[in-house]
Student: 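Structure incoming, see below.
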4 protein chains.
Amino acid sequence: MKFSLGCHLGYEVTTPTTMILNIEAMRLDRQQVQSESLIISPFVEAEPHWAIESGNLYRRLVLEPGEYTIDYRAEIDLVASREDPAGIAEMPVSRIPLEVLPYLYPSRYCQSDLLARFAWREFGEIGTGHDRMTAICNWIYQHVDYLSGSSDSATSAYDTFSQRAGVCRDFAHLGITFARALGIPARFISSYAWQLVPQDFHAVFEAYLGGRWYLFDATRLAPLDSIVRIGMGRDAADTAFATFYGSVVPQPKSVWIEPVDGAADPAREWTTEAVSVVGG
Amino acid sequence: MKFSLGCHLGYEVTTPTTMILNIEAMRLDRQQVQSESLIISPFVEAEPHWAIESGNLYRRLVLEPGEYTIDYRAEIDLVASREDPAGIAEMPVSRIPLEVLPYLYPSRYCQSDLLARFAWREFGEIGTGHDRMTAICNWIYQHVDYLSGSSDSATSAYDTFSQRAGVCRDFAHLGITFARALGIPARFISSYAWQLVPQDFHAVFEAYLGGRWYLFDATRLAPLDSIVRIGMGRDAADTAFATFYGSVVPQPKSVWIEPVDGAADPAREWTTEAVSVVGG
Amino acid sequence: MKFSLGCHLGYEVTTPTTMILNIEAMRLDRQQVQSESLIISPFVEAEPHWAIESGNLYRRLVLEPGEYTIDYRAEIDLVASREDPAGIAEMPVSRIPLEVLPYLYPSRYCQSDLLARFAWREFGEIGTGHDRMTAICNWIYQHVDYLSGSSDSATSAYDTFSQRAGVCRDFAHLGITFARALGIPARFISSYAWQLVPQDFHAVFEAYLGGRWYLFDATRLAPLDSIVRIGMGRDAADTAFATFYGSVVPQPKSVWIEPVDGAADPAREWTTEAVSVVGG
Amino acid sequence: MKFSLGCHLGYEVTTPTTMILNIEAMRLDRQQVQSESLIISPFVEAEPHWAIESGNLYRRLVLEPGEYTIDYRAEIDLVASREDPAGIAEMPVSRIPLEVLPYLYPSRYCQSDLLARFAWREFGEIGTGHDRMTAICNWIYQHVDYLSGSSDSATSAYDTFSQRAGVCRDFAHLGITFARALGIPARFISSYAWQLVPQDFHAVFEAYLGGRWYLFDATRLAPLDSIVRIGMGRDAADTAFATFYGSVVPQPKSVWIEPVDGAADPAREWTTEAVSVVGG
């Protein structure tokens, strides 16, 4: 499926500031970038860096005080893989590739060590593999309120678990936390998400099952096979769309994604299939 | 029912120390103290203080370095009131006596403000009154592991909720927290508890329903109508059996309670009745 | 010194709501209420309750949906006692009146157990008595930013200590916490405070020294001898000016306090004397 | 300087267990491994994995129930670089290599976002570069008690900062947290440390200054130029010497490191030079 997507960001920079930007669609076999442009106005260099392990593309902008806009546009051809979830099993830690193991460790926003007892009590006996992850997402959807403004940049999965409210980032952190507590590697995904209302950057997560990373979204706010990934990491600390070292006043931003050529709306029903974009 | 009970405490005091002791059975209409003795060896004065609102009896001992033992023994006639729980309703905040309202406020170990969303989601629709409190106790019993050594003096209900393990004190804190979050006044009770294994001081809690305080024990470790109360308070911070200002090395303690005159064992089944000892 | 003070509160009540109000000046020997009025419009009964231990006056309003305003006005004659702080010593726990001891216990917002090691390291050797409390207030003033919007109703002294920002309520909680950790009873005071800019309810605290409660304000925002007290308690959980059980939309409020008869401005310099209004 | 070092670990494995081991000395230009042996008894395969970004060598052991011992021995030639700290400056974020930036992000045990205000207040004006990091280490040494048993595997820098006690791991986490809060990349180092008493694995940390990683140890328990590194990572979550997925009973372990050929004791005085082993 082809998407046109992009974002418009604006900042008033009040002191010399270094900005780290991570808004461009990843280049993957199943997520082809057919064209794209990144326009920073007034012009400043945007030094690129592809992180070795994640493949994230970070750009560094060194900004003098002033007003800046950043416009990103891309056309993406996304071919999500869909499978029958019934056959997708967990891998025992004895067989998980060793480079995947860091996604089992607790991280800033995903204290899987602290919620392990709950995870085993609640999800220990609910199937395995993709079905168990679906049960986790269902649990989050049913037990946590999606509530704009209920969390902030310090909110972790531990808080969300107790306080039972959050936004997409918090839902993803909680899903990652439960997965890791159960011995399933999981990571955070920042993305453009078709049909998300209101449009904004979206956060989902992936779990490593059967030798492959599968997408999950406990918010149910967007179809999984229309998620265009930007970055991945242990949690939101790794994948902020913009980080500032200095002082800026953000202006209202806009984010969009639309199918190209009037593609028919997807069935709005929630898919029961397993969706992945990347391999093992 | 008549009980013989007591405790033996020992301390090696290494610097001049002030000790606040709260181990004596309360004197209530339904909990008559027929005889009792408190022997501190070597003798030191044990200045008494009955707290105005709670009625707790605290004693202050000013101790020079040395070895001390404290022996408390009492014979208690306890006549718990038992009622059909079906008729016991919650009181709206508009009618709760104003002197009871402080038991709605969050306290050190019972952060009812932080767990309110969960409490309403989980217990908002599960009956009202005594039945709702029973549902809360059942939930705690089913979702939290009773695990010696899993908590310490810093552990609060917020921790117990997330980490899902604790001891009697933690179970009581969590029950109090949920009750307060739902607008039901609740308080902490320290006690001697028949049939508790192993014998020790026990912590339970009371909720204010229908104009009266009813006992609850989410641990299911002792029959409610055989709980001999020592103290009450907002949480464990108010009702420690011993607090030290100075430096001591505690020796092994023993606590006991037995029915007098070979009273038959109570039915070991869990009562379905509502139990109270004090009035409104 | 004579003050005219008051507040104007407005609420849009959207569901049947019970409100607990605590805005009226306390009646004390040194704080005489010469006249006062409380007007609730439209009229609803305001059931009074004087709490036994604190003397706080709480009022309960049972409100149907609608718009309400609450106007409180009073003329107060305040005669703060001023002493030389040099002679004001701490009392050992062996001599503190037993009814004062609960103000040594940790509470919801004042986890004195968790910050004890710091308190002893930092303040253990810095004089004693009133001087030590002044050192604590100076430390807070120097190490915590007074920053509107930096905290919320869940913020505790533990958070403020780490995050180093807060408002008057947080400054008071931190002072109370350090005092208790050092064995000095301390309690929270809500008040009207002359010269506070911008005008609002103010929070300060008292420490129990030499058999008496002395006022402290680590914010340095208002002169201590012009603090007209409303309520006292273990922390802010006990002394909210308004608590709601139901659903309301607050309207902008105003709070004021002015000297009567054009009293000269007090010396704006920070007093070095010890100020108290209440006795032991 | 040449060291002989090693460790002896023993485990009783009670269920099928996967173990991830990270105990072998890293191979670096300045840390040459001249000989080494790893003996697992009874024999099981120890699948190696060199993590791409950190270079850590993890080994995976798949263990059936039974008793196991692990013996590691190595001879290491360590040539730490020593420089005058005066010339070692911080790098602005505008010039830090982008692959180093993840060491600025908060992590499970190093919540640099939460302690930023304190870090800037306390260390914002205290020199820059290596001197600032030394000031941070001095602050930790002076303000935190090194106290065995005062922390556990859940303890984070946020806790250590408030509670003011910890062990080497906690000291390292706190140093990393302050550095990151100030915009200085920092990472956790697990190691063998000569003269550590009692002998055990040791945790120190590195900060990225002037294009290079410099070692710091706020515990002052071992000379920096005799630290033989095992692993590095964002915090202890990445560098556990042993992680288990399954159930084991650990036996007492021993860890040792000694200079070869009776090398003279180093000056016991605390070096004032800057020490590094790895480059940029």
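In what follows, chains are A, B, ... by sequence order, proteins preceding strands, each numbered from 1.
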Student: Take the angle between the ring planes of B:Tyr158 and A:Tyr158 and call it parallel below 30°, perpendicular above 60°, tilted in between.
Tutor: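 Ring orientation, 0 to 90° scale: perpendicular.
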
Student: Taking atom CD of B:Glu125 as the centre, report whether more than 12 heavy atoms of other residues, nucleotides or ligands fall under 6.0 Å from it.
Tutor: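 No, CD of B:Glu125 has 12 or fewer neighbouring heavy atoms, counting only those of other groups under 6.0 Å.
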
Student: In terms of heavy-atom contacts, does OH of B:Tyr141 have more than 12 from other residues, nucleotides or ligands at under 6.0 Å?
Tutor: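 Counting neighbours around OH of B:Tyr141, 12 or fewer heavy atoms of other residues, nucleotides or ligands fall under 6.0 Å, so no.
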
Student: List the atom of A:Arg117, the atom of B:Arg164, and the distance in Å for their closest heavy-atom pair.
Tutor: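 Residues A:Arg117 and B:Arg164, closest heavy atoms: CD-O, 2.9 Å.
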
Student: Identify which part of A:Gln111 has an atom lying under 4.5 Å from any heavy atom of chain B, answering side chain, backbone, both or neither.
Tutor: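 No part of it gets close to chain B.
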
Student: Kindly compute the distance separating CG (B:Leu115) from OG (A:Ser162), expressed to the nearest 0.5 Å.
Tutor: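 With rounding to 0.5 Å, CG (B:Leu115) is 6.0 Å from OG (A:Ser162).
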
Student: In Å, rounded to the nearest 0.5 Å, how long is the span from CG of A:Asp145 to CZ of B:Phe118?
Tutor: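 The distance works out to 12.5 Å.
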
